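To keep things clear, I will list the structure first and then write my remarks on it.
Source: prediction; values computed, not measured. In what follows, chains carry the letters A, B, and so on, assigned in the order in which the sequence lines appear, proteins first and then strands, with residues in each chain numbered from 1.
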Amino acid sequence: MRIEQSFTVGAPPDRVWSLIRDPQVMVGCVPGCDGIEQIDETSYTAQVTVSVGPIKARFNLVIEITEEQAPTFIRTESRGEEGSRASMVKSVNEMRLAPVDDGTEVSYSADVEISGRLGRYGAGMMKKIATKLAGKFEESFRTLAEAPEEVVG
Amino acid sequence: MMAATFHKPATVDDAVRVLTDAGEGGRPISGGATLVAMMNAKLVEPDVLVSLSAIAELKDFGRAPDGTVRIGAMRRHRETAFESDLAGGQAVVAKAASQIANPPVRNMGTIGGSISFADPAADYPPALVAADATIEIAGPDGRRFVPAEEFFLGWYETAVEPGEIVTAVLLPPAPDRAVGHYEKLCRVAGDFALASVALVLALDGAGTVTHLRLAVGGCGGGPVRCPEAEALVVGAVPSAERIAALAERLVEDLDPVDDSRGSAEYRLQIVPRLIAKAFEEALTEMEPAR
């Protein structure tokens, strides 16, 4: 399934970029994420829990930055599985930053494949749930990016 | 599969305590109609199961002097479907209960369990919104009350927080001479709805609509109600044109998905027909009295 969204943040692209590239910021903004660790210059591991009804799937993700043009574009690929279970998730993600009058327009897309427990739900419904989670990310990210700089960290 | 620890507390307070202590791995179990199937399929593997089946107050059905009905969370669908005290507008809930899945599920499944699971295509959610129900929830800080319209947050998400359980569904008295109807379309008998319409309708002696609450199921993350659409019919005679206008306005608020049962587009096409049918049935039911 493909998810495409865009939102505007009241902060300049340089600042938005530095936040997006800060793993600790991402831990706080990605819904269900409780840890990101840098492996090398371009790879990270992360733990993300996705809940749909009573099903709670905790994924161990490996995220690789495959292309990066600071401060306007980043492409990542993530792969992950849920412990010993058969649930798998794979995604290719792109994010673009563009200056606008009142800050930065952030547009992103993700092509996501899910199999296993969560794959039992139809793609239509998973897309609605993913879009809802994306909305939560936007809200947390915007709050953080628009806050005075000292607060961040 | 790891065996779950099984608890069977006798009071709501004890159930909440055990559930809170169990943390993330804890899960309440009422009728088990959905949860046991999910456990069998290894989709859910709770560490601690808290059975609600020994808590007497959850099995009660009662009517307060002001006409408010209290349906305990452990009431089975079958009991609610045959509840003779659910008449008039409140009957919409009994009618929805009678169309849930199949007899074995109706014998086991409970109203508290069903609404806590909150399948977007389930039968109770639109009926409870149409009936203006309130959900009673117990947690570590006592009981709280949430209107049905604010209970279903969408795509299997409800207002129930970790450590809380649904204890009852409260139905306010419907207006005099109100009729409740539940219209469901499914591909095969016993299936979840492709789409469904629940309504509570009352007319005055001149045939003018004095009360209307209508909710659609299966066409979004939770039941969809549109007061603006209802206002197109309230205060007027419910003509086919007015009902069509209501349906046209309400369809704008729907958010269905394509799934194995049908496409989103198909759902948008059938909802106006289900709404027309629901009005027709409700008006027919009123006729002897009018």
(request) Could you tell me which non-hydrogen atom of B:M38 sits nearest to which non-hydrogen atom of A:P54, and how far apart they are? (result) SD-CG, 3.6 Å
(message) Nearest 0.5 Å, please: how far is NZ in A:K56 from CZ in B:R27?
(response) 7.5 Å
(request) Report the distance from atom CG of B:D258 to atom NZ of A:K127, rounding to the nearest 0.5 Å. (result) 10.0 Å
(message) Under 4.5 Å from any heavy atom of chain A, what part of B:P120 do you find: side chain, backbone, both or neither?
(response)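 The side chain, not the backbone.
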(message) Counting only non-hydrogen atoms closer than 4.5 Å, does B:D119 touch chain A with its backbone (N, CA, C, O), its side chain (CB onward), both, or neither?
(response)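 Answer is neither: B:D119 stays 4.5 Å or more from chain A.
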Neighbour count >12 (heavy atoms, 6.0 Å) for atom [atom1], [X]:
X: B:R249; atom1: CZ; result: yes
X: B:E248; atom1: CD; result: no
X: A:E67; atom1: CD; result: yes
X: A:E146; atom1: CD; result: yes
X: B:Y266; atom1: OH; result: no
X: A:E68; atom1: CD; result: yes
X: A:K90; atom1: NZ; result: no

(message) So, using side chain to side chain donor-acceptor pair (under 3.5 Å) as the criterion, who are the partners of A:Q38 when residues are at least two apart?
(response) A:Y44
(request) Count the heavy-atom pairs under 4.5 Å between each of A:M125, A:K128, A:R120 and chain B, then report the option with the highest count. (result)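 The candidate making the most pairs under 4.5 Å is A:K128.
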(request) Using a heavy-atom cutoff of under 4.5 Å, enumerate the residues of residues 143-158 of chain B that contact chain A, numbered in order, or state 'none'. (result)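 Residues of residues 143-158 of chain B touching chain A at under 4.5 Å: B:L153, B:G154, B:W155, B:Y156, B:E157.
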